[in-house]
Engineer: 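There's a structure below that I have some questions on.
Indexing begins at 1, ligand by ligand and atom by atom, following the structure's order.
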Amino acid sequence: MTAGEWLARAAARLAAAGDLDAAVDAEWLLCEATGWSRSSLRLRRSDALDEAARTKIDAWLARRAAGEPLQYVLGSADFMGLRFRCDPRALIPRPDTETLCERALKALEGRRKPRALDLCCGTGAIGLSVARYRPDARVLLTDVSGEALSLARENALALGVQNASFAQGDLFAAAGDERFDLIACNPPYLDAADMASLQSEVRREPALALFGGPDGLDFYRRIAREAKDHLTAGGALLLEVGRGQADAVRAMLGWAACAVYEDLNGIERVVEVRAI
Ligand code: GLN
């Protein structure tokens with residue numbers, strides 16, 4: 001079977017299974033199984049798929065058709081130009097969160113050997129990106145979930161990150177009484193209504209990483225109360241927020257000047273405050 005034939009069949013099967021990105025997902029599966037680049041795909045449509053690639057890719061296709069998120073099937077997700085191992089131990093890193101990460105790196109500009117904290121680190125996407133792009137920083141990643149932390153540790157190893165450490169605990173409980181130049185957090189922020197109407201793929205991700213209490217804002221309330229005691233003078237607190245939450249979160253953080261940044265879809269996604 002040629003690559004083109006496989007792609008056509010796979011896209012049809014995924015579309016029939018309700019995958020809204022069927023054609024693109026089929027291409028991802030093919031490229032990951034063969035090692036081909038996305039850009040070379042057009043030129044390779046008439047190439048034959050060897051037996052080994054077929055076996056692997058058909059197994060992946062079955063999993064994707066059964067509703068598993070693409071990144072769990074592939075076992076990885078790209079974030080900030082880095083590849084993160086990905087599985088149901090933690091939330092899949094989203095492109096939206098790159099907005100937070102870019103702002104985090106910006107907040108550290110001009111600070112030598114900064115100390116950074118990634119709260120609710122999940123895969124480690126935020127904290128490990130900061131560590132990779134700022135080798136002089138020391139980054140602490142924390143999560144309440146031991147499973148998420150084990151995945152974040154694996155990612156640190158795979159990415160060759162040596163300036164990161166890990167601690168398990170609920171929000172600031174794992175951070176001790178240290179102060180940080182940057183605290184970045186993408187907490188669970190979906191509310192009860194969101195949880196009741198989750199996309200089927202998202203339902204495969206850990207609910208612990210998604211549910212932010214009845215109105216989705218529980219974690220921000222706690223962070224707003226506690227963050228001040230963990231920031232250095234001029235230190236930045238950066239929070240990812242859900243659609244429509246920026247104003248409420250900004251009001252909670254009334255203790256300093258706030259900035260709000262939009263993601264690439266024009267949705268207010270990141271709230272930043274600086275400690276005085
Ligand atoms: N952005 C995620 C979603 O919409 C939610 C992530 C979170 O709760 N932090 O599925």
Side-chain angles (χ1 to χ4, degrees), residues 18-21 25 64 67-73 77-80 84 86-104 117-130 141-145 147-149 151-152 155 169-172 174 182-224 227 237-250 252-253 260-272:
D19 181 352
L20 299 176
D21 294 314
D25 283 0
R64 181 69 194 104
E68 214 176 314
L70 181 70
Q71 295 86 343
Y72 284 168
V73 173
D78 293 330
F79 181 86
M80 294 293 288
F84 286 83
C86 223
D87 63 38
R89 282 177 288 177
L91 199 78
I92 297 163
R94 315 276 206 262
D96 307 337
T97 306
E98 291 182 336
T99 304
L100 172 71
C101 216
E102 278 156 12
R103 284 291 155 189
L117 171 63
D118 177 2
L119 282 179
C120 313
C121 68
T123 54
I126 299 169
L128 296 177
S129 298
V130 169
L141 294 91
T142 74
D143 204 292
V144 74
S145 157
E147 291 205 313
L149 275 180
L151 180 57
N155 274 319
D170 191 11
L171 284 186
F172 289 104
L182 166 78
I183 299 173
C185 180
N186 173 18
Y189 56 63
L190 299 188
D191 65 20
D194 294 329
M195 293 302 288
S197 60
L198 284 184
Q199 233 181 299
S200 62
E201 278 86 354
V202 182
R203 229 170 270 142
R204 308 280 189 121
E205 298 183 273
L208 185 67
L210 292 165
F211 185 48
D215 67 354
L217 300 171
D218 280 3
F219 290 89
Y220 302 113
R221 288 191 190 90
R222 293 178 53 198
I223 292 167
L237 169 66
L238 278 149
L239 299 172
E240 177 169 324
V241 298
R243 190 189 282 258
Q245 292 177 330
D247 283 345
V249 172
R250 198 207 300 240
M252 283 174 207
L253 296 169
V260 176
Y261 303 101
E262 294 180 353
D263 65 20
L264 293 175
N265 295 313
I267 294 167
E268 291 188 331
R269 183 62 69 192
V270 174
V271 176
E272 174 174 9

Engineer: Who's the nearest protein heavy-atom neighbour of atom 1 (N) of ligand 1, and how far?
Structural biologist: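 For atom 1 (N) of ligand 1, the nearest protein heavy atom is Tyr189 OH, 2.9 Å.
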
Engineer: Taking 4.0 Å as the limit for heavy-atom contacts, which would you say applies to Asp194 with ligand 1: side chain only, backbone only, both, or neither?
Structural biologist: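 Neither part.
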
Engineer: Just wondering, do Glu205 and Tyr72 contact through their side chains at under 4.5 Å, heavy atoms?
Structural biologist: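 In contact.
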
Engineer: Give a yes/no verdict on whether any heavy atom in Leu91 is under 4.0 Å from an atom of ligand 1.
Structural biologist: yes

Engineer: So which of Pro187, Gly212, Gly216 gets nearest to atom 9 (N) of ligand 1, if we judge by its closest heavy atom?
Structural biologist: Pro187

Engineer: Which heavy atom of the protein is the closest neighbour of atom 4 (O) of ligand 1, given with residue, atom name and distance?
Structural biologist: Leu190 CD2, 4.2 Å

Engineer: Please tell me if the side chains of Cys121 and Ile126 come closer than 4.5 Å, counting only heavy atoms from C-beta onward.
Structural biologist: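 No, side chains not in contact.
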
Engineer: Could you list which atoms of ligand 1 come closer than 4.0 Å to a heavy atom of Ala209?
Structural biologist: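 Selected atoms, number and element: 7 (C), 8 (O).
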
Engineer: Are Asp96 and Arg94 close enough for a salt bridge, meaning some N to O gap below 4.0 Å?
Structural biologist: no

Engineer: Do Glu240 and ligand 1 have an N or O pair less than 3.5 Å apart?
Structural biologist: no

Engineer: How about Phe172 and Ile183: do any of their side-chain heavy atoms sit closer than 4.5 Å?
Structural biologist: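 Phe172 reaches Ile183 side chain to side chain.
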
Engineer: Is it true that the side chains of Tyr189 and Gln245 contain a donor and an acceptor less than 3.5 Å apart?
Structural biologist: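 Distance-only check fails for Tyr189 and Gln245.
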
Engineer: With side-chain contact (heavy atoms from CB on, under 4.5 Å) as the test, pick out the partner of Leu100 among Glu240, Arg269, Glu272.
Structural biologist: Glu240

Engineer: For atom 3 (C) of ligand 1, what is the closest protein heavy atom, and at what distance to 0.1 Å?
Structural biologist: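 Of every protein heavy atom, Arg94 NH2, 3.6 Å lies nearest to atom 3 (C) of ligand 1.
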
